[in-house]
2 protein chains.
Amino acid sequence: MSENEKLTEEKIFEAATVVFEEEGLSGARMQTIADRAGINKALLHYYFRTKDHLFEAVFTKLAKKMFSKFNPIFEKELSLEEKIRFFFREHISFMQHNPKLPGFIINEINHNPQRIKKLLSNIDFKKLWSTILEHHAHELYKYNITEENLPQIMTTIASLSVFPFAARGILEIVFNNYGVNFDKYIEDRKTFAADFVIKAITK
Amino acid sequence: MSENEKLTEEKIFEAATVVFEEEGLSGARMQTIADRAGINKALLHYYFRTKDHLFEAVFTKLAKKMFSKFNPIFEKELSLEEKIRFFFREHISFMQHNPKLPGFIINEINHNPQRIKKLLSNIDFKKLWSTILEHHAHELYKYNITEENLPQIMTTIASLSVFPFAARGILEIVFNNYGVNFDKYIEDRKTFAADFVIKAITK
DNA sequence: CATAAATTTGACCATTCGGTTAAACTCAAT
DNA sequence: ATTGAGTTTAACCGAATGGTCAAATTTATG
């Protein structure tokens, strides 16, 4: 039945997502995924022939989910300053709901760059900062932004939102000594990071 | 022979370091480590009883190497601004020589927080930002630094230096589209990040 | 209802992997 | 030269793991 098939395939996919995010490709076990999905292990191989197939399906979907959060932001009709605020608010919110995603993607890329490069070849990164220079050429005079330092600025923005989630484990250890609550810290970060960047790039 | 013993143990340790950094705990194979060290697999278990023992030895040493880079910087007799510049120069230089370290540590913490928390319990993070507030109390009037936003500022500084190495794989994909060279980008980052932070926190 | 197609399962297989063991080798001290 | 402790090796073991298969079950179709 197609209704049931969708359900089973989805159950598998969701279980695999959780397990892969938590354990990574090499740490994940097919049996663990099967258990979590509440099905037989052989059924995994019926829907996704191999562990690699399953992994690629999961990774591709998650990567698209992650990186697609960048593009629309840079197409909206907002001033540069508004866009920066909008980005941090939206992107950090997204990660609050998917806290393991950054670490997962970073981890898998580090373990197998060539393979992941292929999986990511569909995603178009080219628009990313060309839009900045083009759509905001007329307001760049207010900011210390040039084609030269744009890579630095863009990666800085990414750092500020992504790093706290990727390195959450370490931050929580350090925070523990000072009674800082991670969730509160993240909530604050939406505005702090935006203010910080805007202050830094404004002439 | 004690001379030879040191040599063998070191050969194993170095091989294990490389393999663990590249593959992670779950991805690393004892056979791979043995091969790389040019010895028999049983010899691994003679020097380090189990994979876990070997891993903990390697991880602890690398973690200390990494985090010890933070402390001395905050004890030197420099102005706050000089310290920030000093930090980015030194810390990024360190990572240029150990580019896989950040990703490795982040990855292992994400996969097993409790265990790593124990391994890191020797390291003292407490001095980290208390020194800032104490040693520089008299010059804080120049900056937008309070006890409240110190966590944000400290993690921001860490983000800016660590993230490019942790997420190197992704950055290189994006950079590829714009002809940006990663090594050049890193070299620039030492001063860019310092300027960026100082600009952002100066009243 | 009968039949074929799709789905699900339990049992099983081959390989890989971490770890063990007993024997062999090295070498310094007697 | 012999001994004995430390070092190294080849061969082996049991468990875990990814994957397969044929049989059983469910579902769609005439």
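Note: hydrogens, waters and symmetry copies are ignored here, and every other heavy atom, side chains too, is used. Bear in mind the structure is a predicted one, so any value in this text is a computation, not a measurement. Lettering of chains follows the sequences in order, A, B, ..., and the numbering in each one begins at 1.
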Who passes side chain to side chain donor-acceptor pair (under 3.5 Å) against B:His135, sequence neighbours left out? none
Can you check each nucleotide of nucleotides 16-22 of chain C against protein heavy atoms at under 4.0 Å and return B for base, S for sugar-phosphate only, - for none, in 5' to 3' order? -SBBBB-
Respond yes when some side-chain nitrogen or oxygen of B:Thr8 is under 4.0 Å from OP1 or OP2 of D:dT8, and no when none is. yes
In whole angstrom, give the distance that lies between atom OH of A:Tyr46 and atom P of C:dG10. 17 Å
Can you list, pair by pair, the side-chain donor-acceptor contacts under 3.5 Å of residues 14-23 of chain B, counting residues two or more places apart and other chains?
from: B:Thr17; atom 1: OG1; to: B:Phe13; atom 2: O; distance (Å): 2.7
from: B:Glu22; atom 1: OE2; to: B:Lys100; atom 2: NZ; distance (Å): 3.1

Can the ring centroids of B:Tyr178 and A:Phe125 be said to lie less than 6.0 angstrom from one another? no
How close or far is atom C1' of D:dT7 from atom CG of B:Leu7, stated in whole angstroms? 13 Å
For a quick test of your reading: what N or O donor-acceptor pairs under 3.5 Å do the side chains of residues 30-42 of chain B make, sequence neighbours left out?
from: B:Gln31; atom 1: NE2; to: B:Asp35; atom 2: OD1; distance (Å): 3.0
from: B:Asn40; atom 1: OD1; to: B:Ala42; atom 2: N; distance (Å): 2.7

Between C:dT26 atom P and B:Leu43 atom CG, what is the distance in whole Å? 14 Å
Partners meeting side chain to side chain donor-acceptor pair (under 3.5 Å) with B:Lys64 (sequence neighbours left out): none
Which residues pass the side chain to side chain contact (heavy atoms under 4.5 Å, CB included) test with B:Lys142, sequence neighbours left out? B:Glu139
When you measure from the side-chain N and O atoms of A:Tyr47 to the phosphate of C:dT8, is any distance below 4.0 Å, counting only OP1 and OP2? yes
